[in-house]
2 protein chains.
Amino acid sequence: MLSKKTKYALHALTYLGKHRENKTVLIQDIAEEHGISHKFLENILLELRKAGYLGSKKGKGGGYYLIKEPKEIPLSRIIRLLDGPIALLPCVSLNYYEPCAECKSEVQCGINKVMVQVRDETLKILENKSLQDILDGE
Amino acid sequence: MLSKKTKYALHALTYLGKHRENKTVLIQDIAEEHGISHKFLENILLELRKAGYLGSKKGKGGGYYLIKEPKEIPLSRIIRLLDGPIALLPCVSLNYYEPCAECKSEVQCGINKVMVQVRDETLKILENKSLQDILDGE
DNA sequence: CATAAACTCTATAAAATTTATAGGGATTAT
DNA sequence: ATAATCCCTATAAATTTTATAGAGTTTATG
């Protein structure tokens, strides 16, 4: 399951996607719309900005806005950013690889081999769905 | 990512699958082979037995053994049993459904719609891979 | 029939992670 | 000048995961 952080990030991105005509959107507005803690959401939006998905404007009249095309924001990226690996095991993660302590040899491990396949097929799904698909369903 | 519980379960099932000629296998043997805590693994095997994948024999000379064909043990089942939902959000889980607090209307939620698709495609992958596939890779 | 070997079951403790809060700083419009 | 707003880092609270503990129960065997 996705963490609340990722779930909230998706809600925030969706909200921002739906309000692209506005110059900026307040954290507070998104938080209220979904009943999310302002401060918790603040941290999430900060991460999304640092990762290059959002722009922000400080000071009075400031707020956040989307700086990428919704089409260019695949689910895989958002999940990786906030939740970490998409792979089911560390030993098959492309972006967060770590060996599994209990496994003597990766090349001889049937679990590893199957999980590589699962990872590749899962990635295909998540790279192929973007914020645009979410917006299309609203 | 899978929990250690699920990962250990997969190792245990693999071990049992590789030793089907034996009448029984000791918890201790599996634990040692993979450097897993005996007691932790004990709880996991108990769950697998209660769920109908393993049989056990008590007392001296006892142990665990596989009672299902490896082909009949899909990854999806093992993951659900030990880790819970496969869906990325509670509001699209088939087996562990819960509404999302921050979402006013599921039928109007674009996130929900996309996640239903992701769930269905992910399930296809995980239902289609079984312990047999793991054993084939060993 | 005594003993040791093994699984059974439930409770609890420890560790790690996730979720949430807090508050002072910096910037900007008016 | 002031108020609004994002920026940043630290810490607290809650939850979940991981691990341990120990008293049962069953069974093979000498």
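Not measured: the values here are computed from a predicted model. Residue numbers begin at 1 in each chain, while the letters A, B, ... track the order of the sequences.
Checking the phosphate oxygens (OP1, OP2) of dT21(C), a side-chain nitrogen or oxygen of S37(A) falls inside 4.0 Å. For the OP1/OP2 pair of dA6(C) and a distance below 4.0 Å, the side-chain nitrogens and oxygens of S56(B) include no atom meeting the criterion. Within the structure, a side-chain polar atom (N or O) of R49(A) is placed less than 4.0 Å from OP1 or OP2 of dC8(D). Under 4.0 angstrom from either OP1 or OP2 of dT5(D) there lies no side-chain N or O belonging to Y65(A).
By the 4.0 Å N-to-carboxylate-O rule, K129(A) lies close enough to E121(B) to be salt-bridged with it.
Rounding to whole angstrom units, CD1 of residue I44(B) and C1' of dT8(C) are separated by 16 Å. Rounded to an integer number of Å, the gap from K50(A) NZ to dT9(D) C1' is 9 Å. Rounded to an integer number of Å, the gap from CD1 of I27(A) to C1' of dC8(D) is 12 Å. Look at CG on L46(B): it is 18 Å from P on dT18(D), rounded to the nearest Å. Per the geometry, CG belonging to L26(A) stands 16 Å off P belonging to dT28(C), to the nearest Å. Note: CG (L45(A)) to P (dT5(D)) measures 15 Å, nearest angstrom. Atom pair L16(B):CG and dC7(C):C1' shows a separation of 14 Å (rounding to whole Å applied). Atom CG in N43(A) sits about 9 Å away from atom C1' in dT21(C), given to the nearest Å.
Take the nearest nucleotide of DNA chain D for G61(B) and for D83(B): the residue whose nucleotide is more 5' is D83(B). Between G59(A) and L41(A), it is L41(A) whose nearest contact on DNA chain C lies nearer the 5' terminus. Two residues, H38(A) and Q28(B), neighbour DNA chain C, and the one matched to the more 5' nucleotide by heavy-atom proximity is Q28(B).
Put simply, the side chain of H11(A) does not reach to within 4.5 Å of the side chain of I30(A), judged on heavy atoms. Between C91(B) and M115(B) there is no side-chain heavy-atom pair separated by less than 4.5 Å.
Of the listed nucleotides (dC7(D), dT18(D), dT8(C)), dT18(D) has the atom at the smallest distance from the side chain of F40(B). When distances are taken from the side chain of K60(A) to each of dA20(C), dA4(D), dA28(D), the shortest belongs to dA4(D). The side chain of K58(B) lies closest to dT27(D), out of dT21(C), dT27(D), dC6(D). Set against dA28(D), dT27(C), dT18(D), the side chain of K57(B) has dA28(D) as its closest nucleotide. Comparing atom distances between the E42(B) side chain and each of dT28(C), dC9(C), dA5(C) picks out dC9(C) as nearest. Distance from the side chain of S3(B) is smallest to dT18(D) among dA19(D), dT18(D), dA20(C).
Other residues, nucleotides and ligands contribute more than 12 heavy atoms inside 6.0 Å of the NZ atom of K113(A).
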Full working for side chain to side chain contact (heavy atoms under 4.5 Å, CB included) between I134(A) and L75(A): CA-CA 10 Å; I134(A) 293 175; L75(A) 290 196; 4.0 Å; yes
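Looking only at atom types and distance, the side chain of Q132(B) has a donor-acceptor partner in the side chain of D136(B) under 3.5 Å away.
The base of dG22(D) is paired with the side chain of K39(B) by a donor and an acceptor separated by under 3.5 Å.
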